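We count ligands from 1, going down the list as the structure has it; atoms in each ligand are counted the same way. In this text the structure is predicted, and so the values were computed from the model without any measurement.
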Amino acid sequence: MKKLTTALMLSSVIAAPAFAQTWHMPTPYGDGNLSTQLAYSFADEIKNSTAGNLEITVHPGGSLVNHTEIPRAVRSGQVQMGEIFLGILGNENAIFKHDNIPFLATTYSDAEALWKAAKPEVSKTLEERGLQLLYTVAWPAQSLYSEMPVNQVSDLSGAKMRAYSPTQSRLADLMGTVPTTIQTPDIPQAFSTGIIQAMITSPSTGVESQAWDYVNHFTDVKAWIPKNIVVVNKRAFRRLDKSTQDAILAAAERVEKEGWEKVAERGESDKAKLAEAGMQVAEPSEKLMSELKEIGQTIIQEWQAEDPNAVGAILNNYQH
Ligand code: PCA
């Protein structure tokens, strides 16, 4: 009897079939993006380091769950993990808006510093919603796509502008444009049917949506550097054994570091692709920049007024 038990225990240690599980991880963006590539590499690392005990299936591009539904799907446990663009949570809590504030952090090192300043609050707020933060991936800096050259904000007057978050929608208002919320998979159709005429996003999303089919001009205003977050359902994570939890945390740390290392270069190589495809890639005029920065100041003030304590704490941490 003892032998049999030992044999069973041994076989379960070696093959571990009883404990192997498959998790699902919906993501919003397509395979060409750095964030999606890192999601695959995150899943691979965990599969290897747990010897197949935890297999994570990545479902890119909103294919399993629409982007706007991903937060709820992870929270309810419908899926165990998911990737979310932080800015879309802006209406839930002002602290999430730090991610889309124009001209608050426009270099990658500033964006990292801003993230460091905001992370404790963000993490705590996600915890209260049953979500544990695993890692972050920054996007290349956000710049302007338009049909015509833009030398000043009024050149865009009345244009229909894509918005991907509440903060960006406010920016569109202040620019005298008309915001319309469109997720990335719908960008080509939104341009071709005239629902949008301009957008502010990364070179990567321009490449993914083949922006050159719809607009000719890319003005490199580099207004902010937003991020995706990858979260896990807290209960699902707690149910794992310690070594599997550690494997997830180790992979998350590695991927986050790799993301910050690669993002600047990815922005440059994708910008080169826009030019190769025939877009006019231009540096912004001084006038455009000073007008946009002024709008940025208004947005910061409005943001602070929304939650003076929490936002004030982020700004304080960031600036000191
Ligand atoms: N691409 C995503 C988010 C930020 C970015 O560069 C988008 O346009 O929706």
For this session: Using distance alone, with no hydrogens and no angle criterion, decide if R239 and Q245 have a side-chain donor and acceptor under 3.5 Å apart.
Result: no
For this session: Specify the protein heavy atom at minimum distance from atom 6 (O) of ligand 1: its residue, its atom name, and the distance to 0.1 Å.
Result: S202 OG, 2.6 Å
Problem set entry | Numbering as shown, the atoms of ligand 1 that approach T184 to under 4.0 Å (heavy-atom distance) | 7 (C), 8 (O), 9 (O)
Seminar exercise, completed: Looking at Q183, R162, E208, the heavy atom closest to atom 9 (O) of ligand 1 belongs to R162
Problem set entry | From Q21 atom CD to T244 atom OG1, the distance as rounded to the nearest 0.5 Å | 7.5 Å
For this session: Report yes if some N/O of T205 lies less than 3.5 Å from some N/O of ligand 1; otherwise report no.
Result: yes
Exercise. Backbone, side chain, both or neither: what part of M199 comes under 4.0 angstrom of ligand 1, heavy atoms only?
Worked result: neither
Seminar exercise, completed: Taking only non-hydrogen atoms of Y29 and a 4.0 Å limit, the atoms of ligand 1 in range are 2 (C), 3 (C), 9 (O)
Problem set entry | E265, CD atom: more than 12 neighbouring heavy atoms under 6.0 Å | no
Seminar exercise, completed: Nearest non-hydrogen protein atom to atom 5 (C) of ligand 1, with distance, is T201 OG1, 3.2 Å
Problem set entry | N or O contact, W139 vs ligand 1, cut-off under 3.5 Å | no
Exercise. To the nearest 0.5 Å, how far apart are OG1 in T136 and NZ in K227?
Worked result: 7.0 Å
Exercise. Can you list the atoms of ligand 1 that are under 4.0 Å from a heavy atom of Q142?
Worked result: 4 (C), 5 (C), 6 (O)
For this session: Could you verify whether a donor N or O on one side chain and an acceptor N or O on the other, from D220 and S143, lie under 3.5 Å apart?
Result: yes
Exercise. About how many Å separate CG of L315 and CG of L104, when rounded to the nearest 0.5 Å?
Worked result: 6.0 Å
Seminar exercise, completed: With F191 as partner, the option from V215, D213, D186 fulfilling side-chain contact (heavy atoms from CB on, under 4.5 Å) is V215
